[in-house]
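In what follows, residues are counted from 1 in the order of the sequence shown. Atom set for the values below is all heavy atoms of this structure, side chains included, hydrogens, waters and symmetry mates excluded. All values reported here derive from a predicted model rather than from experimental measurement. When a ligand or atom number is given, it counts from 1 through the structure's own listing order.
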Amino acid sequence: MNLLLLNIFLIIPIVICLPNAIKIGGLFHNGELYEEIAFRKAVEKINNDPTILPHSKLYVHVERVTLHDSFDISKKVCSLLKSGIAAIFGPQSSHTAGHVQSICDTMEIPHLEHRWDYRYRRESCLVNVYPHWKTLSKAMVDVIGYWNWKTFTIIYEDNDGIIRIQELLKTFGQTSNSITVRQLGDSEDYRPLLKQIKNSAEAHIVLDCSTTKIYEILKQAQQIGLMTDYHSYLIPNLDLHTIDLSDFKYGGTNITGFRLINPKLTNDLIVEWANNSDLNLSSINVQTALIYDAVHLFAKALNDLDTSQKIDIQPLSCDNFDTWPHGFSLINYMKIIEMKGLTNTVKFDNQGFRTDFILDIIELSMTGIRKIGFWNSTKTNGVNFTRTFNEKQQEIEANLRNKTLIVTTILSDPYAMRKESSHLLKGNDQFEGYVIDLVHEISEALGFNYRIQLVPDHAYGSFNKRTGEWNGMIRDLLEQRADLAIADLTITFDREQAVDFTMPFMNLGVSVLYRKPVKQPPNLFSFLSPLSLDVWIYMATAYLGVSVLLFILARFTPYEWPETLTGEKIEYQFTLLNCMWFAIGSLMQQGCDFLPKALSTRMVAGMWWFFTLIMISSYTANLAAFLTVERMDSPIENAEDLSKQTRIKYGALKGGSTASFFRVYKL
Ligand SMILES: *[C@@H]1O[C@H](CO)[C@@H](O)[C@H](O)[C@H]1NC(C)=O
Ligand SMILES: *[C@@H]1O[C@H](CO)[C@@H](O)[C@H](O)[C@H]1NC(C)=O
Ligand SMILES: *[C@@H]1O[C@H](CO)[C@@H](O)[C@H](O)[C@H]1NC(C)=O
Ligand SMILES: *[C@@H]1O[C@H](CO)[C@@H](O)[C@H](O)[C@H]1NC(C)=O
Ligand SMILES: *[C@@H]1O[C@H](CO)[C@@H](O)[C@H](O)[C@H]1NC(C)=O
Ligand SMILES: *[C@@H]1O[C@H](CO)[C@@H](O)[C@H](O)[C@H]1NC(C)=O
């Protein structure tokens, strides 16, 4: 008996919680047929699924609303609320969504949206399954960062587009990247804009526009030649997979985009829908997939809430601002649910934004749209290209096969020369040389054809800072008149910025060659050269000055006079000639047989000896240096010496790398 009672107590709360019929409201604009069908199909699916809401059935109440009529929509929402509903889905347009949101917020009715929204904050009763633009912009930033685009052009359509691209500008605008931003005009003819882009020789384009315009823009780009092997497009529109791009798949243009939906699940759904109705869809767009997921999310949350509290649904009136007591709990349940949907993992962060989702990175290939990698929103740099290096290599080779490439080169022995022959030669046969053989071998290995074309201005390629233009082969490459250049072209920093180089087939540096200076026979007076003429003259003057000073001082002082104690006559020593002899004797470090005795003359002599000591030592040192330096001296040691002097004349080939080296060097 006790056991039975317990059983009844355990079972009863589960059984009676939810009403049997739960009504949900959907607001759709005219033309949103597929969204509405997806909404109904999702409800149908849930009602047939015994694991979700097993004891209740969902009923839909769909209202068609006009685009800009907010009075009409308020009225319809109020009448929906009056009939007692558990949630409101839609609408798509931002003009009307605001009203619906404020009403739902007041009445605490869950509001589920599946539209792009620019706002940073979400209202408390709102769950939006569309990923936030900031997260989507980060995917763009990461991919462009991964590719390392140095320059690119952004084409956007409207104000929403500006919001989406502002992360790109913020990230790449501060670095050295050059970004051009252009807006699509109102007219249907985008050719003038595209022509401007073509003239700017831009290769990388980010195209942010509505789904309906993408095909037309790409078509017009193709018409004016902006869809070649050299161009890459990044199209952040999440509906890129729904567009038929088969017209562009053989052009070799690199069209990359993102996909939020899981194609395997949506394809199953398409088959299922086609089977039990005459609905024939080729693909499901992201809005349709999102509303399908939103209904599932709501049902799951309701199912979970059902296990914890008793829920009843009551009619609410817009006039007296009643609130639904379970609204917030239901919203909170939706925010903590993690489920797999058509858009992969559906999960929210604490602010109510989609998080932890995966975007497929898709690319147009010859076989159609193909997944080449994915982007993980949780990681800081979540780009992961799953294509291996080998696959990429094979793809490039397959692309090259049977293509005819234009190869530019320059006549320069022995790399490329004209063949001498008595016959008239045509095409590639006119040329021979090392690089001609090389390109021939490469073409055999990779299976492409080529046509050799001499560069019209006979220059290798140098950058003119004034005009900002290249010449020579580099210009041919940049203006896409040639596909590759093969020549004895030096890899320089400037050229590396403009074009891509392969590994060099030869390594050379700039070297200067000149004749060794011939050694001259020594001059008769070369012993004088260690000291300059001035020094010699000063020395002679000092010699004379000291001699005279000594003579005069000796005359004045009594101590230099010989003593005549015995009265005999003794010769006076400090005559002028003797003084000069004394000075020269000490200069030559030989000494003399008489020496001064008085204090004054001794001071002069001492100073002179000190002077001679310094003089002789420096002369000896200079002489030794002079003799050795003459053997080692070389006038030019490096490029700086060469550019500093004018005695030796030198030149370089115009437009070559050596010429630009010296031009930059002298600046
Ligand atoms: C497409 O463009 C990107 C960036 O420019 C490049 O990394 C990638 O290899 C290109 N893919 C193909 C198939 O050429
Ligand atoms: C299509 O519907 C029929 C019955 O209506 C069913 O037998 C068949 O399995 C369905 N096929 C698919 C692919 O759902
Ligand atoms: C759907 O349309 C495609 C062509 O657009 C056709 O091949 C296919 O048979 C159609 N399927 C149904 C069920 O009508
Ligand atoms: C995405 O990144 C997070 C964090 O690094 C990781 O836990 C998760 O497994 C990743 N998802 C996929 C599909 O790689
Ligand atoms: C990319 O994803 C693959 C699995 O799909 C994983 O093995 C690899 O480690 C990932 N690479 C990076 C750089 O995260
Ligand atoms: C390239 O051309 C050859 C001969 O013209 C042909 O046999 C081969 O199938 C072509 N290859 C491709 C990939 O088109």
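- Close approach of ligand 4 to I358 is summarised as follows: ligand atoms under 4.0 Å from at least one heavy atom of the residue are 12 (C), 13 (C).
- Of the heavy atoms in D356, none comes closer than 4.0 Å to ligand 4.
- Using cut-offs of 30° and 60° on the angle between ring planes, the pair F448 and Y450 is perpendicular.
- Every residue meeting the side chain to side chain donor-acceptor pair (under 3.5 Å) condition with Q220, not counting sequence neighbours, appears here in chain and number order: E216.
- Between Y130 and H114, the distance from one ring center to the other does not fall under 6.0 angstrom.
- You'll find the ring centres of F353 and W133 outside the 6.0 Å limit.
- Proximity of the aromatic rings of F28 and F39 is defined here by a centroid distance below 6.0 angstrom, and this criterion is met.
- Counting heavy atoms from C-beta outward, K403 and D229 have side chains that approach closer than 4.5 Å.
- Under 4.0 Å is where a charged nitrogen must lie from a carboxylate oxygen, and between K138 and D142 at least one such pair does.
- Closer than 4.0 angstrom to ligand 5 by heavy atom are F374, K379, N384, sorted by chain and number.
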